[in-house]
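Have a look at the structure below, then the notes.
Only heavy atoms go into these numbers, but all of them, side chains included; no hydrogens, no water, no symmetry mates. Keep in mind that this is a model prediction, so the values were computed, not measured. Position 1 is the first residue of the sequence; numbering continues from there.
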Amino acid sequence: EGDVIWADDRYVNSYFNRGNVPIIGINEVLKVLVSAGSLTVADYYEKLSKLRASGVRFIPVQKDEILYHLKQAKVENDTVIETNGLIILRSYVAECLLQGDILQKPPIPEASPNKNGEIAFIISLSRAINDALVAVWNTKENDEKNCLAHAEWLMDNLYIDHLGLLHVTSLPRNIQDDYYFIAV
């Protein structure tokens with residue numbers, strides 16, 4: 001009881017547990033270290049940035065991470081001056097999406113534990129970017145110029161619409177899906 005299996009392997013992580021033992025990845029380990037007080041939030045994001053910069057793919061991007069890096073950046077002349085964290089995040093998202101053809105896609109064979117493949121990465125990435133965009137405007141810390149600069153940075157550097165996500169990830173689709181995503 002209380003044990004976990006720590007594995008950072010895309011096949012192994014397609015299983016959620018082995019028996020009653022959960023299977024977790026590096027991102028969950030780092031979160032536990034932050035919640036235990038063994039790692040500061042700044043150290044957490046620094047370690048995530050190092051993992052992203054070193055090419056570890058498909059680590060979930062979260063709204064709080066995006067907002068953290070935006071808050072670290074200065075706004076000059078109504079433009080976000082990119083920090084190293086923002087540069088890494090922008091590059092990471094682009095590299096993951098450009099490697100979207102290697103994502104495990106449905107329909108996965110019946111023997112696979114996760115019949116939806118790795119689509120959760122794409123869905124959570126899109127949601128994190130959209131949620132960060134909303135949060136930028138809901139914050140009381142920024143004035144309107146900073147909100148606009150942060151929103152423009154997000155739109156120019158991270159945002160991609162549903163049809164774009166389908167295209168870059170080579171997800172199987174039919175004409176009805178295209179009509180649905182156009183409507184979305």
Side-chain angles (χ1 to χ4, degrees), residues 8-11 13-14 25-28 45 48-73 75 77-109 112 114-139 142 144-184:
D8 287 302
D9 175 85
R10 291 173 57 215
Y11 176 76
N13 291 124
S14 67
I26 185 68
N27 50 324
E28 289 95 355
Y45 289 123
L48 274 181
S49 287
K50 284 183 180 180
L51 287 166
R52 294 186 194 291
S54 67
V56 177
R57 293 288 175 258
F58 308 121
I59 296 173
V61 176
Q62 297 182 324
K63 171 189 83 169
D64 292 340
E65 179 182 8
I66 297 168
L67 295 174
Y68 174 84
H69 288 298
L70 278 173
K71 287 178 185 174
Q72 303 305 309
V75 175
N77 299 323
D78 302 329
T79 303
V80 171
I81 306 303
E82 283 189 320
T83 60
N84 194 42
L86 285 175
I87 292 168
I88 290 170
L89 193 59
R90 173 177 45 81
S91 298
Y92 182 79
V93 167
E95 289 165 0
C96 284
L97 292 176
L98 286 173
Q99 291 181 326
D101 59 333
I102 67 169
L103 281 171
Q104 298 168 8
K105 299 170 188 67
I108 302 291
S112 176
N114 183 357
K115 293 172 186 38
N116 294 321
E118 294 173 316
I119 302 308
F121 174 81
I122 299 298
I123 293 169
S124 68
L125 173 64
S126 179
R127 184 171 295 137
I129 295 165
N130 290 331
D131 289 350
L133 191 57
V134 170
V136 159
W137 288 102
N138 283 337
T139 184
N142 284 339
E144 188 173 335
K145 284 187 175 189
N146 282 350
C147 291
L148 183 58
H150 288 166
E152 284 181 359
W153 186 89
L154 283 166
M155 293 300 292
D156 291 343
N157 295 284
L158 296 185
Y159 180 80
I160 186 166
D161 66 21
H162 293 87
L163 285 175
L165 286 171
L166 281 174
H167 179 72
V168 298
T169 57
S170 305
L171 290 172
R173 63 184 208 244
N174 60 39
I175 193 69
Q176 290 303 108
D177 291 339
D178 287 347
Y179 292 149
Y180 172 76
F181 284 112
I182 289 169
V184 169

*For the residue pair His150 and Trp137, establish whether any side-chain heavy-atom pair is separated by less than 4.5 Å.*
no
*Is Ser124 close to Gln62 at the side-chain level, that is, under 4.5 Å between some pair of heavy atoms?*
no
*asked:* Quick one, Leu86 with Leu70, criterion side-chain contact (heavy atoms from CB on, under 4.5 Å). Give me CA distance, side-chain angles, the key distance, then yes/no.
replied: CA-CA 7 Å; Leu86 285 175; Leu70 278 173; 4.2 Å; yes
*asked:* Is it true that, when you exclude Asn77 itself, more than 12 heavy atoms of the residues, nucleotides or ligands shown sit nearer than 6.0 Å to its CG?
replied: no
_Per the side chain to side chain donor-acceptor pair (under 3.5 Å) rule, what does the pair list look like for residues 91-100, sequence neighbours excluded?_
Arg57-Glu95, Arg57-Gln99
*Check: Leu125 and Leu97 side chains under 4.5 Å, non-hydrogen atoms*: yes
_Straight-line distance of Leu89 CG to Ile66 CD1, nearest 0.5 Å_ = 6.0 Å
*Apply the test side-chain contact (heavy atoms from CB on, under 4.5 Å) to residues Trp153 and Thr79: give CA-CA distance (whole Å), side-chain angles for both, the deciding distance (0.1 Å), then the verdict.*
CA-CA 8 Å; Trp153 186 89; Thr79 303; over 6 Å; no
*Nearest-0.5 Å distance, CG of residue Leu158 to CG of residue Leu133*: 10.0 Å
*From Phe121 atom CZ to Phe58 atom CZ, the distance as rounded to the nearest 0.5 Å*: 6.0 Å
_With heavy-atom distances below 4.5 Å as the criterion, would you say the side chains of Glu65 and Arg52 are in contact?_
yes
*Quick one: are Thr139 and Leu67 in side-chain contact, heavy atoms under 4.5 Å?*
no
*Gly85 to Ser49 - nearest heavy-atom pair and separation*: CA-OG, 4.3 Å
_Euclidean distance, Thr83 OG1 relative to Lys71 NZ, rounded to 0.5 Å_ = 13.5 Å
_Give me the atom names and distance for the closest heavy-atom approach of Ala149 to Asp78._
CB-O, 3.6 Å
_Lys63 and its side chain to side chain contact (heavy atoms under 4.5 Å, CB included) partner, picked from Ile129, Asp131, Val134_ = Asp131
*Can you check whether Ser126 reaches Leu165 side chain to side chain, under 4.5 Å on heavy atoms?*
yes
*Can you sort out the partners of Asp8 under side-chain hydrogen bond (donor to acceptor under 3.5 Å, both in side chains), two or more places apart, ordered by chain and number?*
Trp6
*Can you find a heavy atom in the side chain of Tyr45 that is under 4.5 Å from one in the side chain of Gln72?*
no
*Validation row: Pro60, Asn27 side chains within 4.5 angstrom (heavy atoms)*: yes
